[in-house]
Amino acid sequence: MGGSTRTPLQVSAVAVVVMLASTLTAFASVFGLFFFILIRIKGLEHVIIHYRWVFVCLCLLPASALYDLIFYLRNGFIFYSKSAPKQHDARVEEIQQQVRNWHTGGRLRRMCTARPGWLTISFRTPLYKQSLNAIRINLMDILEVNTEKRTVYAEPLVTMGQLTATLNPLGYTLPVIPELDDLTLGGLIMGVGIETSSHIYGLFQETVVSVEMVLQDGSRVRCSKDENSELFMAVPWSHGSLGFLVAAEIRIIPARRYVKLEYFPAYSAAEFTDLFAEKSLERDKNHFVEGILYTKDSGVVMTGSMTDSAESGKENSIGHYWKPWFYKHVESFLKKRITGIEYIPLRHYYHRHTKSIFWMLHNIIPFGNHPAFRYLLGWMVPPKVSFLKLTQGETIRRLYEERQMIQDMLVPLAHLRKSIDYFDKEIDLYPLWFCPFWLPSRPGFLHPASMEGDGEMYVDIGAYGEPLSPNFKFRASTRKLETFVRENNGFQMLYADSYMTAEEFRGMFDHTLYDKMRRDLDCVKAFPDIYEKTNRNARY
Ligand SMILES: Cc1cc2nc3c(=O)[nH]c(=O)nc-3n(C[C@H](O)[C@H](O)[C@H](O)COP(=O)(O)OP(=O)(O)OC[C@H]3O[C@@H](n4cnc5c(N)ncnc54)[C@H](O)[C@@H]3O)c2cc1C
Ligand SMILES: NC(=O)C1=CN([C@@H]2O[C@H](COP(=O)(O)OP(=O)(O)OC[C@H]3O[C@@H](n4cnc5c(N)ncnc54)[C@H](OP(=O)(O)O)[C@@H]3O)[C@@H](O)[C@H]2O)C=CC1
Ligand SMILES: CC(C)=CCC[C@@H](C)[C@H]1CC[C@@]2(C)C3=C(CC[C@]12C)[C@@]1(C)CC[C@H](O)C(C)(C)[C@@H]1CC3
């Protein structure tokens with residue numbers, strides 16, 4: 001094995017690290033168990049809410065860091081030893097076999113994936129997972145990076161973090177990389193994915209070249225724009241209600257070392273809207289466009305382009321653990337009232353909101369952006385969303401339910417100004433996140449109201465946090481917001497809570513192609529439909 005021998009010093013160092021790691025793990029497990037029991041005791045609300053950070057820092061952070069390390073090593077080994085492609089067919093065959101068994105077993109309960117609800121990047125745990133027939137999908141590897149065809153071929157449980165870590169060193173990247181490291185390929189194709197390059201490339205689904213599915217009859221099919229094209233167009237947003245995704249081929253583009261990011265502060269909603277619209281429509285100039293509003297009248301619009309060199313003194317590696325949270329850094333340009341240019345390493349740019357989970361980590365670790373915390377424990381941040389979800393307990397769940405809003409609403413760019421006013425009046429929640437995207441006029445679950453022309457520029461408005469409007473009532477206000485969005489030809493992202501009735505839901509999304517595919521592929525008795533999987537009653 002390369003003939004390397006360890007010196008006594010190296011052996012001792014490894015022993016010390018192993019001992020420290022085991023002590024830490026043992027301590028974290030005992031403390032974790034203690035807290036896990038604590039969160040189930042009623043009457044301890046104050047401790048649970050205000051001291052959740054103790055549990056998070058002592059247990060979840062080390063557990064998350066350990067989990068990431070193990071998976072990083074595992075994935076690297078599998079990718080470079082090229083063992084995954086050899087096993088792919090056998091793993092897909094296992095899925096097909098489970099579906100065939102479902103038939104021979106009398107098709108008693110409909111099917112969904114066996115991925116536990118707490119693992120998903122969504123606020124809620126799906127209730128249907130308990131009662132449906134769970135199909136195990138053990139597919140978590142990158143199968144091939146084809147630089148000639150400019151595609152990456154990967155399995156559905158591959159995460160965004162895994163993809164950027166593999167592709168960027170090879171000089172490539174995905175055209176659209178949704179921010180959070182743990183988002184999966186399957187979730188983004190079957191649900192939706194967006195990033196600040198979506199004004200050029202569209203939603204994540206637009207970058208998919210082909211998908212491989214296992215259908216309800218156990219057959220395995222490949223779909224692309226030339227092969228099974230109707231199914232291909234119906235797959236995005238289908239939430240596993242047309243079949244199981246077993247692999248996808250995604251476009252890749254050359255990566256550069258840096259993103260040259262320009263910050264433009266704006267001091268009124270009108271100035272912000274004009275600037276954001278102008279930058280979003282300059283598709284050939286700006287590779288990335290993003291906006292954050294900090295109050296109704298102050299925000300920052302950011303534009304980025306990829307480059308291989310940086311002006312000296314302007315490089316900023318924002319992803320290092322000791323660096324301030326990105327949204328706080330952006331806000332500093334507003335306070336200083338200056339425009340700015342920085343060169344950010346590509347991967348640091350992609351995962352700029354990962355460390356602070358946008359601005360949601362502040363509630364959990366209120367001092368998380370303090371320099372002392374960043375230098376001491378910042379390297380383990382963020383805690384994994386799934387671990388937070390698994391351990392949150394009923395009190396925290398209720399607190400979020402009653403006091404927080406987490407929604408992404410997609411509205412035509414032409415209605416941006418009106419939407420900002422509406423959000424301000426009815427919700428009053430800041431920061432608000434803005435990300436433009438191009439929506440092509442094509443049959444499918446969502447498309448612009450008018451199918452004339454190539455498509456329309458939309459904007460995703462992300463509201464994550466505590467609404468301050470005195471009128472805010474979580475159910476009534478979300479329903480009003482959904483009506484506003486529907487009336488303005490907009491759409492709701494379905495990972496968030498949706499209170500729409502089935503009729504309202506059908507009014508928001510075009511079901512023509514979807515219904516046809518459900519009938520043609522005999523899905524009705526095999527999978528719940530999208531509404532059944534995503535409406536608020538289906539989630540806890
Ligand atoms: C939705 C939400 C989630 C939070 N999650 C965490 C967390 O995961 N970990 C953590 O350490 N801290 C959490 N916190 C607490 C948060 O860190 C503190 O509220 C914040 O640091 C301010 O503390 P305070 O004592 O000044 O605020 P306070 O004035 O005590 O509270 C701030 C806000 O929270 C509301 N609030 C407080 N307690 C409750 C409750 N039991 N039910 C409903 N609303 C309540 C208050 O009405 C007020 O609007 C959360 C707070 C909120 C509002
Ligand atoms: N920047 C962004 O764009 C962000 C997007 N999100 C949202 O997060 C979600 C992704 O989260 P993630 O945890 O990765 O995914 P999830 O596990 O939440 O999956 C989302 C949906 O896709 C279905 N699905 C996933 N894999 C398969 C598969 N192999 N075959 C069939 N159906 C499948 C699931 O079906 P089932 O219920 O049967 O498992 C589920 O309905 C997306 O919906 C996205 O909207 C969240 C944050 C940021
Ligand atoms: C389109 C885009 C950019 C969407 C970003 C959405 C994120 C901000 C959302 C997705 C999942 C999400 C709702 C989540 C949470 C925060 C906001 C998240 C990360 C947290 C971590 C808040 C704390 C909660 O106790 C809990 C752990 C349940 C959730 C989990 C999901």
Side-chain angles (χ1 to χ4, degrees), residues 52 56 60 95 110-126 128-129 132-135 137-140 155-160 176-180 182-196 198 203-205 211-214 235-248 290 353-354 356-364 382-393 395-397 399-401 404-410 433-435 437 460-465 492-497 527-528 530 532-534 538-539:
R52 190 181 180 193
V56 170
L60 295 194
I95 297 166
R110 292 178 293 174
M111 295 178 285
C112 68
T113 78
R115 188 168 195 234
W118 58 269
L119 260 178
T120 67
I121 303 286
S122 141
F123 210 22
R124 306 282 172 206
T125 307
Y128 56 80
K129 295 255 174 184
L132 295 188
N133 197 329
I135 302 295
I137 299 196
N138 178 23
L139 298 167
M140 52 175 79
E155 296 180 329
L157 288 175
V158 164
T159 64
M160 288 303 108
V176 175
I177 300 202
E179 287 84 2
L180 303 173
D182 288 342
L183 288 163
T184 64
L185 204 61
L188 292 167
I189 294 174
M190 291 300 195
V192 55
I194 191 166
E195 208 340 43
T196 50
S198 288
L203 296 174
F204 190 80
Q205 64 206 48
V211 291
E212 238 182 85
M213 308 266 296
V214 168
V235 158
W237 294 74
S238 66
H239 289 80
S241 62
L242 295 174
F244 296 109
L245 182 77
V246 292
E290 174 176 19
H353 291 301
T354 297
S356 52
I357 322 185
F358 284 78
W359 22 96
M360 298 304 283
L361 194 59
H362 176 78
N363 267 339
I364 298 169
K384 289 194 95 56
V385 165
S386 41
F387 288 0
L388 283 171
K389 219 168 138 180
L390 181 67
T391 58
Q392 68 176 340
T395 305
I396 300 272
R397 197 195 67 80
L399 186 67
Y400 275 92
E401 164 108 45
Q404 300 260 322
M405 166 170 263
I406 292 174
Q407 286 290 342
D408 276 273
M409 294 297 188
L410 317 177
W433 189 68
F434 297 85
C435 176
F437 72 97
D460 172 358
I461 307 180
Y464 325 120
Q492 180 176 36
M493 267 203 189
L494 299 177
Y495 78 87
D497 287 349
F527 310 104
I530 308 177
E532 288 177 274
K533 286 184 115 173
T534 59
R539 292 168 164 179

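Keep in mind the model is a prediction, meaning the values are calculated, not measured. Order of appearance sets the numbers: ligands from 1, and atoms from 1 within every ligand.
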**Message:** Yes or no: does Ser122 have any heavy atom under 4.0 Å from an atom of ligand 3?
**Reply:** yes
**Whether Arg52 lies under 4.0 Å from ligand 3, heavy atom** = yes
Name the closest protein heavy atom to [atom], giving the residue it belongs to and the distance to 0.1 Å.
| atom | value |
| --- | --- |
| atom 20 (C) of ligand 2 | Gly187 CA, 3.8 Å |
| atom 29 (N) of ligand 2 | Leu245 O, 2.9 Å |
| atom 23 (C) of ligand 2 | Met190 CB, 3.6 Å |
| atom 21 (C) of ligand 2 | His239 CD2, 3.7 Å |
| atom 18 (O) of ligand 2 | Thr120 CB, 3.3 Å |
| atom 44 (C) of ligand 2 | Val192 O, 2.8 Å |

[X] heavy atoms, cut-off 4.0 Å: which ligand 3 atoms fall inside?
| X | result |
| --- | --- |
| Lys389 | 27 (C), 28 (C) |
| Met493 | 1 (C) |
| Tyr495 | 4 (C), 6 (C), 10 (C) |
| Ile194 | 1 (C) |
| Ile406 | 13 (C), 17 (C) |
| Asp460 | 1 (C) |

Heavy-atom nearest neighbour of [atom] within options [options]:
| atom | options | result |
| --- | --- | --- |
| atom 2 (C) of ligand 2 | Cys435, Pro178, Ser238 | Pro178 |
| atom 28 (C) of ligand 3 | Gln392, His353, Met360, Lys384 | Gln392 |
| atom 27 (C) of ligand 3 | Ile364, Leu410, Leu388, Ile396 | Leu388 |
| atom 30 (C) of ligand 3 | Asn363, Ile121, Leu180, Val385 | Val385 |
| atom 22 (C) of ligand 3 | Tyr400, Trp433, Phe387, Trp118 | Tyr400 |

Any donor-acceptor pair under 3.5 Å linking the side chain of [X] with the backbone of [Y]?
| X | Y | answer |
| --- | --- | --- |
| Lys533 | His239 | yes |
| Gln492 | Asp497 | yes |
| Arg539 | Tyr495 | yes |
| Trp359 | Tyr464 | yes |
| Lys389 | Gly117 | yes |
| Thr120 | Thr125 | no |
| Gln205 | Gly193 | no |

**Message:** Residue-level breakdown please: for Arg397 versus ligand 3, do any non-hydrogen atoms fall below 4.0 Å on the side chain, on the backbone, on both, or on neither?
**Reply:** neither
**Fill in**
Logged contact type for Ile357 with ligand 3, heavy-atom cut-off 4.0 Å, is side chain
Using a strict 4.0 Å cut-off to heavy atoms of [X], name the atoms of ligand 2 that fall inside it.
| X | result |
| --- | --- |
| Lys533 | 35 (O), 36 (P), 37 (O), 38 (O) |
| Gly243 | 31 (C) |
| Gly186 | 25 (C), 26 (N) |
| Ile194 | 1 (N), 2 (C), 3 (O) |
| Lys129 | 36 (P), 37 (O), 39 (O) |
| Thr184 | 12 (P), 14 (O), 15 (O) |
| Tyr495 | 7 (C), 45 (O) |
| Gly191 | 43 (O) |

Below 4.0 Å, non-hydrogen atoms only: which portion of [X] touches ligand 2? Side chain, backbone, both or neither.
| X | value |
| --- | --- |
| Tyr128 | side chain |
| Arg115 | side chain |
| Glu195 | neither |
| Pro156 | side chain |

**Prompt:** Is the shortest N/O to N/O distance between Leu183 and ligand 2 below 3.5 Å?
**Reply:** no
**Request:** Mark the output for Ser241 as yes if a heavy-atom distance to ligand 2 is under 4.0 Å, and as no if none is.
**Result:** no
**Prompt:** Is the shortest distance from a heavy atom of Gly193 to ligand 2 less than 4.0 Å?
**Reply:** yes
**Message:** Does Glu179 form a side chain to side chain contact (heavy atoms under 4.5 Å, CB included) with Met160? I'd like the steps, not just the answer.
**Reply:** CA-CA 8 Å; Glu179 287 84 2; Met160 288 303 108; over 6 Å; no
**Request:** Kindly determine whether Lys129 and Cys112 satisfy side chain to side chain contact (heavy atoms under 4.5 Å, CB included), including the steps that lead there.
**Result:** CA-CA 7 Å; Lys129 295 255 174 184; Cys112 68; 4.3 Å; yes
**Message:** Centre-to-centre under 6.0 Å for Phe244 and Phe527, is that the case here?
**Reply:** yes
**Message:** With rounding to the nearest 0.5 angstrom, report the CG to CZ distance, Leu388 to Arg52.
**Reply:** 5.0 Å
**Request:** May I ask you to decide if the ring planes of Trp433 and Phe358 are parallel, tilted or perpendicular, using 30° and 60° as cut-offs?
**Result:** perpendicular
**Message:** Phe204 vs Ile189, test: side chain to side chain contact (heavy atoms under 4.5 Å, CB included). Steps then yes/no.
**Reply:** CA-CA 7 Å; Phe204 190 80; Ile189 294 174; 3.8 Å; yes
